[in-house]
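Here is the structure we will look at, set down as structure tokens.
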Amino acid sequence: GDLASALGAVGAAGVSGTVGRTHRRETSERRDGGYTRSKETLHGFAGGVDVAGIEVWNLDTGHADAEKTEHVRKGMFGSQTTTTRESQVRVAGATVATQEKSCSQEVGGLLGARK
């Protein structure tokens, strides 16, 4: 089709991935001391279409267990941390179903933290 001919015209294109269990982790830190951490385990196919080593089409398909933690600074001494755990179903890179398994929040300050 059109996609195959377009990828062929580019040259260094292909489909790559793994079948089974794939673990991913990502951390993003902000200057104010806050951060976002995410981790997931995908059971199924993890991969996509690559052009010159850069993924241009995500083909992840299967069941994923995902966890995301968001830490936000609140003023000079306070903070808030929210952790969400989800179960997701993905088809060709798109999340088609999500079920929240748990969500917890912790607020911290000078006098300690509370959940």
Side-chain angles (χ1 to χ4, degrees):
D2 293 334
L3 178 61
S5 61
L7 292 176
V10 172
V15 176
S16 63
T18 58
V19 175
R21 191 169 32 188
T22 304
H23 302 281
R24 294 181 178 135
R25 293 177 183 264
E26 182 177 336
T27 300
S28 171
E29 297 183 11
R30 294 184 293 280
R31 289 183 184 188
D32 67 358
Y35 60 83
T36 301
R37 286 189 191 131
S38 59
K39 61 182 179 178
E40 71 175 26
T41 300
L42 179 67
H43 307 270
F45 175 78
V49 176
D50 300 335
V51 175
I54 299 171
E55 185 176 85
V56 294
W57 189 14
N58 183 326
L59 296 176
D60 288 358
T61 299
H63 169 262
D65 295 310
E67 178 179 300
K68 181 177 181 180
T69 300
E70 179 93 27
H71 181 80
V72 179
R73 302 289 304 164
K74 300 280 189 178
M76 189 176 289
F77 300 108
S79 66
Q80 177 178 317
T81 304
T82 305
T83 301
T84 305
R85 291 178 183 85
E86 296 179 333
S87 183
Q88 304 171 344
V89 176
R90 298 191 188 145
V91 176
T95 300
V96 297
T98 300
Q99 180 179 8
E100 186 174 289
K101 293 165 53 175
S102 68
C103 183
S104 63
Q105 192 170 69
E106 185 176 299
V107 178
L110 276 176
L111 303 176
R114 61 180 159 75
K115 288 189 174 197

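If you chain together ILVMFWY residues whose side-chain heavy atoms come under 4.5 Å of each other, Ile54 ends up in a group of its own. If you chain together ILVMFWY residues whose side-chain heavy atoms come under 4.5 Å of each other, Leu42 ends up in a group of its own.
The hydrophobic cluster containing Phe45 does not contain Val89, counting ILVMFWY residues as joined when their side-chain heavy atoms lie under 4.5 angstrom apart, directly or transitively.
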> Between Gln105 and Thr82, does a side chain to side chain donor-acceptor pair (under 3.5 Å) hold up when you go through it step by step?
Replying inline: CA-CA 4 Å; Gln105 192 170 69; Thr82 305; 3.2 Å; yes
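Listed by chain and residue number, Arg24, Arg90 satisfy the salt bridge (Lys or Arg N to Asp or Glu O under 4.0 Å) test with Glu40 (two or more places apart in sequence, or in another chain). Taking Thr27 as the reference, Glu29, Arg37 meet the side chain to side chain contact (heavy atoms under 4.5 Å, CB included) condition, with sequence neighbours excluded. Evaluation of the salt bridge (Lys or Arg N to Asp or Glu O under 4.0 Å) rule for Glu70 yields Arg30 as partners, not counting sequence neighbours.
Applying the salt bridge (charged side-chain N to carboxylate O under 4.0 Å, His left out) rule to pairs touching residues 72-88 yields Glu67-Arg85, sequence neighbours excluded.
Put simply, the side chain of Asp60 gets close to the backbone of Gly47: a donor and an acceptor are under 3.5 Å apart.
Looking at Thr36 and Ser28, their side chains never bring a donor and an acceptor atom within 3.5 Å of each other. At a cut-off of 3.5 Å, with distance as the only test, no side-chain donor of Glu26 or Ser38 sits close to an acceptor on the other residue.
Using a 4.0 Å cut-off between charged nitrogen and carboxylate oxygen, Asp65 and Lys101 count as a salt-bridge pair.
Expressed to the nearest 0.5 Å, how far CZ of Arg25 lies from NZ of Lys39 amounts to 5.0 Å.
Smallest separation of non-hydrogen atoms from Ser87 and His63: OG-NE2, 2.7 Å. Nearest heavy-atom pair across Thr61 and Ala92 is OG1-N, 3.0 Å.
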